[in-house]
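If you're wondering where the values come from, they're calculated on a predicted model, not measured in any experiment.
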Amino acid sequence: MSQTAPASASSAPTTRERLFTGIQPSGASHLGNYLGAQQNYVALQDRYESIYGIVDYHALTTVHDGETLRSLTHEMVLDMLAVGLDPDRCAIVRQSDLPEHAELCWIFDTVVPVSWVERNPTYKAALAEGKENSAGLLNYPVLQAADIVIYKATVVPVGKDQDAHLELSREIVRAFNRRYGEIFPEPRAAYTDAPIVMGTDGTRKMGKSAGNTIPIFAEPDEIRRLVMSMVTDPQRIKRTDPGRPEVCNVCQLHRFFGGDYLQIQDGERTARTGCVETKQLLAERIIEFFRPMREQRLRLAADARVVEETLGAGRDKVRPILDATMAEVRAAVGIGPRREV
Ligand code: TYM
């Protein structure tokens with residue numbers, strides 16, 4: 001554990017604010033996950049008492065095959081370790097190992113007006129696109145609120161696409177506390193400096209279910225293929241046409257992979273450089289950036305026990321925190337045995 005100060009009779013125990021965040025095991029980690037969130041998971045793991053959830057209950061809303069989900073969950077633990085989370089300094093947990101997340105979600109469901117979940121943008125978008133609209137998808141942000149506050153976490157590193165969900169989490173906390181007393185603190189988001197990362201199609205956010213991602217641990221040739229397929233400035237048709245780096249996704253991503261991105265953007269703007277070479281350079285930089293993590297991931301994957309050991313240690317670490325919250329909640333709402341007077 002990272003509380004390094006030696007315990008002595010005179011020193012007060014140091015308490016750090018608690019951090020919780022979740023990532024769905026619905027596909028491989030991609031550039032949006034990394035730039036929007038995972039880099040912050042790592043940067044913040046020592047500053048806070050940190051818990052990272054592989055949220056497989058959430059992924060059930062989109063992954064409908066049992067073996068696939070189990071395998072994606074396993075792979076996501078390897079991703080989390082490879083990007084730099086250290087299970088000795090944080091807890092990495094599988095949401096379904098702690099079914100109280102779902103219990104608290106149900107309790108919150110009895111507090112949340114239906115209109116609050118119906119206005120959730122992810123649900124509205126799914127409806128508009130004619131996708132599956134299960135009650136699980138409608139309730140998705142309620143489970144997310146439960147994930148966070150079951151640990152009384154106040155800091156939530158997420159990408160900026162999660163803004164509406166975090167706002168709803170705070171509203172749920174306020175509604176619950178109004179009814180049952182001040183049990184939960186209000187969580188706040190911790191963002192990286194990345195905007196919402198757009199997908200290779202250039203029109204939608206990069207997302208596991210949209211099929212427009214650049215997976216950070218893909219084979220180098222696959223990364224090259226995907227970067228070369230990226231949509232750039234649609235108005236730049238000929239090599240000699242000046243480009244608009246502000247609308248070109250490739251130029252925007254260069255910001256995160258080298259200190260010379262202003263020159264690169266200038267090259268596009270003046271047509272000094274072409275889209276093909278700007279893409280080739282980006283692909284090589286992405287591959288180089290993730291190379292050490294990729295190598296670490298291969299080493300980790302070779303040890304068949306590492307994933308379940310990580311999850312077992314995480315579960316043991318968080319269980320007392322979650323048990324304490326649930327005892328308080330059950331007592332407040334009136335479920336479970338009558339308390340002795
Ligand atoms: P998920 O798995 O979709 O994404 C995991 C994290 O990656 C961020 N992210 C992005 N950031 C910028 N640009 C993108 N294109 C992009 N795509 C993904 C997400 O913001 C997220 O931080 N609802 C959550 C899962 C969740 C959760 C929680 C998060 C469940 N319970 C409790 C925080 C706290 C999600 O969409 O994950």
- Taking the six-membered ring for Trp and the full ring for Phe, Tyr or His, determine whether the centres of Y52 and Y41 are under 6.0 Å apart. yes
- V42 with F256, same ILVMFWY side-chain cluster at under 4.5 Å: yes
- Query: What are the two closest non-hydrogen atoms of P87 and T310, and how far apart are they?
  - Reply: CB-CG2, 4.1 Å
- Task: Any pair with a residue in residues 27-45 that passes salt bridge (Lys or Arg N to Asp or Glu O under 4.0 Å), sequence neighbours left out, goes on the list, sorted by first then second residue, please.
- Result: none
- Heavy atoms of other groups near R305 CZ, more than 12 under 6.0 Å: no
- Aromatic contact, Y34 with F290 (centres under 6.0 Å): yes
- Query: Is the Y57-H101 ring centre distance short of 6.0 angstrom?
  - Reply: no
- Message: Determine whether a donor-acceptor pair (N or O, by modelled atom type, separation under 3.5 Å) exists between the side chain of K208 and the backbone of Q24.
- Response: yes
- Item | Where T232 and K279 come nearest, the two heavy atoms and their spacing | CG2-CE, 3.6 Å
- Sequence neighbours excluded - salt bridge (Lys or Arg N to Asp or Glu O under 4.0 Å) pairs with any residue from residues 189-202: D201-R204
- Who pairs with R47 by salt bridge (Lys or Arg N to Asp or Glu O under 4.0 Å), at least two apart in sequence or on another chain? none
- From CG (L226) to NE2 (H30), nearest 0.5 Å: 12.5 Å
- Item | For P157 against T21, the heavy-atom pair lying closest together | O-OG1, 2.7 Å
- Tell me, do D221 and R224 make a side-chain contact under 4.5 Å, heavy atoms counted? yes
- Which atoms form the tightest heavy-atom contact between G274 and T278, and what is the distance? O-OG1, 3.0 Å
- Would you please say whether a donor-acceptor pair under 3.5 Å links the side chains of D241 and Q235? no
- Note on the structure: Contacts of D233 meeting side chain to side chain donor-acceptor pair (under 3.5 Å) (sequence neighbours excluded), chain-then-number -> R244
- Qualifying residue, where the test is side-chain hydrogen bond (donor to acceptor under 3.5 Å, both in side chains) with S29 and the options are E75, Q38, R297: Q38
- Task: For this output row, return yes or no: ring centroids of F184 and F108 closer than 6.0 angstrom.
- Result: yes
- If we only count heavy atoms from C-beta on, is the R170 to R174 side-chain gap below 4.5 Å? yes
- Item | Backbone of D46 reached by a side-chain donor or acceptor of R16 within 3.5 Å | yes
- Message: I need the full list of salt bridge (Lys or Arg N to Asp or Glu O under 4.0 Å) pairs touching residues 253-264, with sequence neighbours left out, sorted by first then second residue.
- Response: D260-R285
- Task: Sorted by first residue and then second, give each salt bridge (Lys or Arg N to Asp or Glu O under 4.0 Å) pair with at least one member in residues 98-116; sequence neighbours left out.
- Result: E100-R319, E103-R330
